[in-house]
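Take a look at the structure below.
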Amino acid sequence: MTKRQSINIIVLFGILIFGFTVATLVKPETKHSESENRDLAQMPEFRVQTLLNGQFESDYETYLTDQFFLRDSWIGLKTAVERLLCRRESKDIYFADDDYLIEKHTGTFTSDTAALNVRVLQQFAQKYEEQFGRAHMTFLVVPNAVDILRDKLPPYAAPYDEEDYLEQIASALPTGTWFDAGAVLREHADEELYYRTDHHWKTLAAFYVYQAWARQQGYTVPSKDDFEIETVTEEFEGTVQSKLGIRTKADSIELYLPKDDPFYMVEKDGAEPAYRLYDYAALDTKSKYNIFFGGNYALAKIRTRAGSGRRILVVKDSYAHCFVPFLIPEFDEIDMLDIRYYNQKLSDLIAEGNYTDLLFLYNAAGFAEDTAISRLTY
């Protein structure tokens, strides 16, 4: 190699290294990643204290990672190379059989937050056990795809932490209040229970679990014949796929629309009442799963004409959004509370709500990682 060639290589690497750094710093900050459906880190405020304790450096590293020039393209290129090398995972996601992208959730179920949340949920259950009674209080933590779709995982996968964690939750709760959604889902594991590109369960999975729970509670058990099952899109590309920056087989989203067309009225975060559960405008966006209730709200109230005299509080994450519509025939009022966005005391809401029933519905990884769970005891 000649001296001139060596200089050219050094200059090229210099341009690549410093050019991308400069481009990252001068380009406008992106506040939200539409593909990943999350807010991106912004430039941290400089303070002497955060510089000395290392917080500024850590926040700045996160900022550069989130704001890197052509970030999505580089993520997609990295994933494409890994797939060409026949790797079966990337970014804590398995490339599973039948085009499934399944999150591993490494460390999620053995973290300090996960252990703390079990203790908090136990305290919450004990606090309200007498008020609701065990027959009217249900804790339903739904297993993720990595637990239920084990036959689709690579041969070396070991998705056992989640099952152990669910057993910890079940044993911490009062007898008779835990509902084993996993047992129901495993009976149908050969069906499409989860989205291939997203972390949510599908409406079909929620329907099977609701059927089993309704039977246990003594409610009317619906059948598929009671619904018009409408496929509203076949172009859903979820957040798991977005983390990899690639395009794979898109998902479909199904709605279960009751043939008897029951009356209901929905009020979200105190806004004007509406007479629809589904936000069809979301189908024109990246976040197509937001067709269910239009996304997350701190408190959404559904009024019905069920005439049962029952009112239920559903403490939930977004897994509940395709489950809650099945509750409409059984309850006069259904209040959906997302503790992550609710800034008032939960104890006051329960005291004033005249609820007859309580349902806690989360997905397992979401529950284990949620730092807002501590608010349950406020």
| From F227 CZ over to L257 CG, what is the distance, rounded to the nearest 0.5 angstrom? | 9.0 Å
| field | Exercise: identify the closest heavy-atom pair between P222 and Q211 | value | O-NE2, 2.8 Å
| For the atom pair CG (L277) and CE (M265), what is the distance rounded to the nearest 0.5 Å? | 12.5 Å
| message | As a quick check of understanding, evaluate side-chain contact (heavy atoms from CB on, under 4.5 Å) for V221 and Q216, giving each step before the final call. | response | CA-CA 10 Å; V221 180; Q216 174 184 287; over 6 Å; no
| request: Measure the spacing between OH of Y355 and OH of Y128 and express it to the nearest 0.5 Å. | output: 11.0 Å
| Could you state the interatomic distance from CD1 (I169) to OH (Y362), rounded to the nearest 0.5 Å? | 11.5 Å
| query | Where the side chain of S242 meets the backbone of G238, is there a donor-acceptor pair that is under 3.5 Å apart? | reply | yes
| query | What do you reckon, are the aromatic ring centroids of H188 and Y208 less than 6.0 Å apart? | reply | yes
| Side chains of S287 and F236 in contact at under 4.5 Å (non-hydrogen atoms) | no
| Which residue, D97, D99, D98, forms the side chain to side chain donor-acceptor pair (under 3.5 Å) with K152? | D98
| Do other residues, nucleotides or ligands put more than 12 heavy atoms under 6.0 Å from R276 CZ? | no
| task | Can you sort out the partners of R134 under salt bridge (charged side-chain N to carboxylate O under 4.0 Å, His left out), two or more places apart, ordered by chain and number? | result | E129
| said: Quick check: F292 with Y319 (ring centres under 6.0 Å apart)? | reply: no
| message | Using modelled atom types and a 3.5 Å cut-off, is there a donor and acceptor pairing between side-chain atoms of T233 and backbone atoms of L283? | response | no
| query | Hey, are the side chains of L327 and W213 touching, using non-hydrogen atoms and a 4.5 Å cut-off? | reply | yes
| field | Donor-acceptor contact below 3.5 Å, side chain Y289 vs main chain S318 | value | yes
| field | Nearest atoms (heavy-atom pairs only) where L173 meets A125 | value | CD2-CB, 3.9 Å
| said: Ignoring hydrogens, what is the shortest heavy-atom contact between P143 and A364? Give both atom names and the distance. | reply: CA-CB, 4.4 Å
| task | Provide the full list of salt bridge (Lys or Arg N to Asp or Glu O under 4.0 Å) pairs with a residue in residues 292-307, sequence neighbours left out, each pair given once. | result | K301-E333, K301-D335, R303-E333
| field | Least distance between heavy atoms, A320 atom then V314 atom | value | CB-CG1, 4.5 Å
| task | Could you tell me whether a side-chain N or O of K286 sits under 3.5 Å from a main-chain N or O of T239, the two making a donor and an acceptor? | result | no
| Could you give all pairs that pass the side-chain hydrogen bond (donor to acceptor under 3.5 Å, both in side chains) test and reach residues 161-182, with sequence neighbours left out? | E163-R186
| Considering only heavy atoms from C-beta outward, does the side chain of F95 approach that of I102 to under 4.5 Å? | no
| Y342: which of V315, D269, L349 passes side-chain contact (heavy atoms from CB on, under 4.5 Å) | L349
| Do the ring planes of F331 and Y219 sit parallel (below 30°), tilted (30 to 60°) or perpendicular (above 60°)? | perpendicular
| query | Given side chains that start at C-beta, do those of R119 and L116 come closer than 4.5 Å, heavy atoms only? | reply | yes
| field | Residues which pass salt bridge (charged side-chain N to carboxylate O under 4.0 Å, His left out) with R375, listed by chain and number, not counting sequence neighbours | value | none
| Pair F323-W201, side-chain contact (heavy atoms from CB on, under 4.5 Å): steps then yes or no | CA-CA 10 Å; F323 182 94; W201 60 348; 4.2 Å; yes
| request: Test side-chain contact (heavy atoms from CB on, under 4.5 Å) on D370 and D317 and set out the steps. | output: CA-CA 10 Å; D370 192 351; D317 68 4; over 6 Å; no
| task | Start with the C-alpha distance between D226 and K259, add both sets of side-chain angles, then the distance that settles side-chain contact (heavy atoms from CB on, under 4.5 Å), and finish with yes or no. | result | CA-CA 6 Å; D226 296 326; K259 292 180 180 178; 6.0 Å; no
| Atom CZ of F367 and atom CG of N144: how far apart are they, to the nearest 0.5 Å? | 12.5 Å
| field | Beyond-backbone contact of I291 with I253, side-chain heavy atoms, under 4.5 angstrom | value | yes
| message | Students often mix this up, so state it plainly: with edges at 30° and 60°, are the rings of H321 and F293 parallel, tilted or perpendicular? | response | perpendicular
| query | Quick one: are T197 and T248 in side-chain contact, heavy atoms under 4.5 Å? | reply | yes
| query | Would F179 and F139 count as a close aromatic pair, with their ring centres under 6.0 Å? | reply | no
| request: Could you go through the salt bridge (charged side-chain N to carboxylate O under 4.0 Å, His left out) check for D357 and R311 one step at a time? | output: CA-CA 6 Å; D357 294 81; R311 296 160 59 95; over 6 Å; no
| Can you list the residues that meet the side chain to side chain donor-acceptor pair (under 3.5 Å) rule with T108, with sequence neighbours excluded? | E369
| field | Minimum side-chain heavy-atom gap L101-K243 below 4.5 Å | value | no
| message | Can you list everything that forms a salt bridge (charged side-chain N to carboxylate O under 4.0 Å, His left out) with K202? Sequence neighbours excluded, please. | response | E192, E254
| Between L361 and V142, what is the shortest heavy-atom contact and its length? | CD2-CG2, 4.2 Å
| Mind checking whether Y256 and F207 have ring centres under 6.0 Å apart? | yes
| field | Gap separating the CD atom of Q217 from the CG atom of L359, nearest 0.5 angstrom | value | 9.0 Å
| said: I want to check something: taking the side chain as every heavy atom from C-beta on, are L166 and F109 in contact at a cut-off of under 4.5 Å? | reply: no
